[in-house]
Novice: 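Before I ask anything, here is the structure I am working with.
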Amino acid sequence: MRAGPSQEDIRRHNLGTLLRHVHLGGPISRAELTSRMGLNRSTIMALTSDLTAAGLVREELPRETGRAGRPSLVVRPESARVYVFAFDVGPDRLAVARVGLGGVILDRRESVRRRGPFDLTELTGELAAAARQMRRKARHDAVCVGAGAAVSGGVRRSDGVIRFGPNLHADEAPFGEALGRRLAFGLPVSVGNDANLAALAEHSRGVGVGVRDLVYLHGDVGVGGGIIAGGHLLGGHDGYGGEIGHMVINPGGGQCACGSRGCLEAEVGERALLEAAGRSPEEGHQGRDAVRNVVDAADRGDIVAQEALRQVGDWLGLGVANLVNLFNPEMVIFGGMLREVYLGSAAQVRSRMAVSALAPQREKLRLRTSALADDATLVGAAELAFAHVLADPLEVLARAGG
């Protein structure tokens, strides 16, 4: 017979669960923790005492109670003391942030990345230099407990290798290992696909909080996606799940960077919109600002821009309809460049879905734009790094030297 969990396993689980409530929900009273976790008051007191002694949380009297009797202590995350580094590597931008427990962005740097060849040594050197500068600015007793990175491409879950990243021009790049070596913090770097991590971020901290089934669509140069099913990310066998942008919706359509034709990315991505609006990327019209300019022009009555958004919105609606028919989500979220595209073409998207999505699947569906906007991928990278802490808080802190 298989033995049940030991007392230490149960304690580890409870510590992680309690810390997760504080990390994701913010300050919370002991009384509320008792109710949410279904444990008695003495157990909650012991758990919070352990986390307080480790420097992960602190307990304070509530600022206002409004009730008679002894108030329940409020448990707060030690955001300034316990932090991770989050990295975001996109086709045309690099972002680095120091993120405190509780999801507080304590410091950040962002720079333009020139589109072109993927130089692993140069790229990881730039990211590591920014992180080291931030680390020097942290308070003396602050502890780094992890690092996470979001990249635009397919990432092998087991080792952080970018297997394919056509918009980054990356192929079989050992990104996680290389960045960890350049950081030299003695901590592994967890790496994930940017759209998958943005989906997790919206689910845990954005417009998708409390939604158990959602589809997130992300646009930069290309199009990616993340699928939350039953409250969990649908990652696939090796971590490549969610490549929504390479779902073929128009077999005779445009050439995609992946080598196929008529992918969702080829029909609704940056290049497709700009070319339809008569603004060739080769003429210097690139990036999210260029996409916003098309949407703004359409709002001002530019007929060419309006037709471009109608065309792209029709294909986007078809792609979303396919996803809705497959996964029956409660919510579809548009992020990155697609946030602006959807806002400019919502009527066309909904019109196409009314024809192509099955009625039972769409009747309760909500279409929303990202609440975290351009920070979604960075926030997702931070949550990826914090996952290790939440799984075993005391062990991770001890290993980090706390």
Side-chain angles (χ1 to χ4, degrees), residues 90-91 151-156 162-172 193-196 198-199 213-229 233-277 281 291 307-329 332-339 341-342 344-346 348-358 361-362 365 367:
V151 300
S152 179
V155 179
R156 186 163 58 207
I162 304 174
R163 294 295 310 282
F164 60 96
N167 294 313
L168 286 179
H169 303 280
D171 183 45
E172 300 294 341
N193 170 265
D194 56 354
N196 280 344
D213 297 277
L214 66 81
V215 172
Y216 173 87
L217 281 163
H218 184 82
D220 269 319
V221 175
V223 173
I227 300 163
I228 303 291
L233 179 69
L234 188 64
H237 179 62
D238 285 322
Y240 309 131
E243 286 292 341
I244 291 169
H246 300 292
M247 170 178 61
V248 176
I249 59 170
N250 181 18
Q255 183 77 39
C256 182
C258 74
S260 185
R261 299 192 73 88
C263 295
L264 182 64
E265 176 174 311
E267 303 300 334
V268 309
E270 176 192 290
R271 176 176 287 275
L273 177 66
L274 297 182
E275 288 184 347
V291 171
E307 175 59 22
L309 281 170
R310 188 206 64 77
Q311 176 182 315
V312 167
D314 193 55
W315 288 118
L316 181 58
L318 180 60
V320 172
N322 286 334
L323 294 167
V324 167
N325 289 341
L326 278 170
F327 298 107
N328 185 28
V332 174
I333 304 170
F334 301 92
M337 173 201 73
L338 289 181
R339 186 173 186 272
V341 170
Y342 172 71
S345 63
Q348 190 64 38
V349 171
R350 290 178 180 275
S351 176
R352 167 55 71 177
M353 289 184 62
V355 174
S356 302
L358 296 173
Q361 275 89 327
R362 72 170 188 269
L365 177 69
L367 302 180

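Model, not experiment: these values are computed from the prediction. Because only heavy atoms are used, hydrogens play no part in the values below, and waters and symmetry mates are left out as well, while side chains stay in.
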Novice: Taking all non-hydrogen atoms of both residues into account, name the closest pair between Gly225 and Ala195 and its distance.
Specialist: N-CB, 3.2 Å
Novice: Which atom names give the shortest non-hydrogen contact between Gly90 and Ser152, and what distance separates them?
Specialist: CA-CB, 4.5 Å
Novice: Ignoring hydrogens and geometry, is there a side-chain-to-backbone donor-acceptor pair from Arg163 to Gly154 under 3.5 Å?
Specialist: no
Novice: Rounded to the nearest 0.5 Å, what separates atom CG in Leu367 from atom OH in Tyr342?
Specialist: 4.0 Å
Novice: Output, in order, the C-alpha distance, side-chain angles, deciding distance and verdict of side-chain contact (heavy atoms from CB on, under 4.5 Å) for Arg156 and Tyr240.
Specialist: CA-CA 7 Å; Arg156 186 163 58 207; Tyr240 309 131; 3.4 Å; yes
Novice: After noting the C-alpha distance and the side-chain angles of Glu172 and Ile162, does the key distance pass the side-chain contact (heavy atoms from CB on, under 4.5 Å) rule?
Specialist: CA-CA 5 Å; Glu172 300 294 341; Ile162 304 174; over 6 Å; no
Novice: Report the C-alpha distance between Val324 and Val215 in whole Å, list the side-chain angles of each, state the deciding distance to 0.1 Å, and finish with yes or no for side-chain contact (heavy atoms from CB on, under 4.5 Å).
Specialist: CA-CA 8 Å; Val324 167; Val215 172; over 6 Å; no
Novice: Are the side chain of Asn196 and the backbone N or O of Leu234 linked by a donor-acceptor pair below 3.5 Å?
Specialist: no
Novice: Can you name the closest pair of heavy atoms from Cys263 and Gly245 and give their distance?
Specialist: CB-O, 3.3 Å
Novice: So, the side chain of Asp213 versus the backbone of Asn328: is there a donor-acceptor pair under 3.5 Å, distance only?
Specialist: no
Novice: Rounded to the nearest 0.5 Å, what's the gap from CG on Leu318 to CD1 on Ile249? Could you check?
Specialist: 5.5 Å
Novice: Assess, by modelled atom type and distance only, whether the side chains of Gln348 and Asp314 contain a donor and an acceptor separated by less than 3.5 Å.
Specialist: yes
Novice: Side-chain contact test, heavy atoms from C-beta onward, threshold under 4.5 Å: evaluate it for Val223 versus His218 and give yes or no.
Specialist: no
Novice: Tell me which one of Leu217, Val341, Leu316, Leu273 satisfies side-chain contact (heavy atoms from CB on, under 4.5 Å) with Val268.
Specialist: Leu316
Novice: A side-chain contact here means heavy atoms from C-beta on lying under 4.5 Å apart; do Arg310 and Ser345 qualify?
Specialist: no
Novice: Measure the CD1-OH distance between Ile228 and Tyr216 for me, rounded to the nearest 0.5 Å.
Specialist: 11.5 Å
Novice: Got a second to check how far Arg271's CZ is from Cys256's SG, nearest 0.5 Å?
Specialist: 11.0 Å
Novice: How close do Pro329 and Leu323 get, counting heavy atoms only, and between which atoms?
Specialist: CD-O, 4.2 Å
Novice: Could you go through the side-chain contact (heavy atoms from CB on, under 4.5 Å) check for Leu168 and Val221 one step at a time?
Specialist: CA-CA 9 Å; Leu168 286 179; Val221 175; over 6 Å; no
Novice: Are the side chain of Asn167 and the backbone N or O of Pro91 linked by a donor-acceptor pair below 3.5 Å?
Specialist: no
Novice: With rounding to the nearest 0.5 angstrom, report the NE2 to OG distance, His246 to Ser260.
Specialist: 9.0 Å
Novice: Do Met353 and Val320 touch side chain to side chain, with heavy atoms closer than 4.5 Å?
Specialist: yes
Novice: What pairs meet the salt bridge (charged side-chain N to carboxylate O under 4.0 Å, His left out) rule with one or both residues in residues 241-269, with sequence neighbours excluded?
Specialist: none
Novice: How long is the span from the CG atom in Leu264 to the CH2 atom in Trp315, to the nearest 0.5 Å?
Specialist: 10.0 Å
Novice: Less than 4.5 Å apart, any side-chain heavy atom of Leu214 and any of Val332?
Specialist: no
Novice: Any sub-3.5 Å donor-acceptor pair from Glu307's side-chain atoms to Gln311's backbone N or O?
Specialist: no
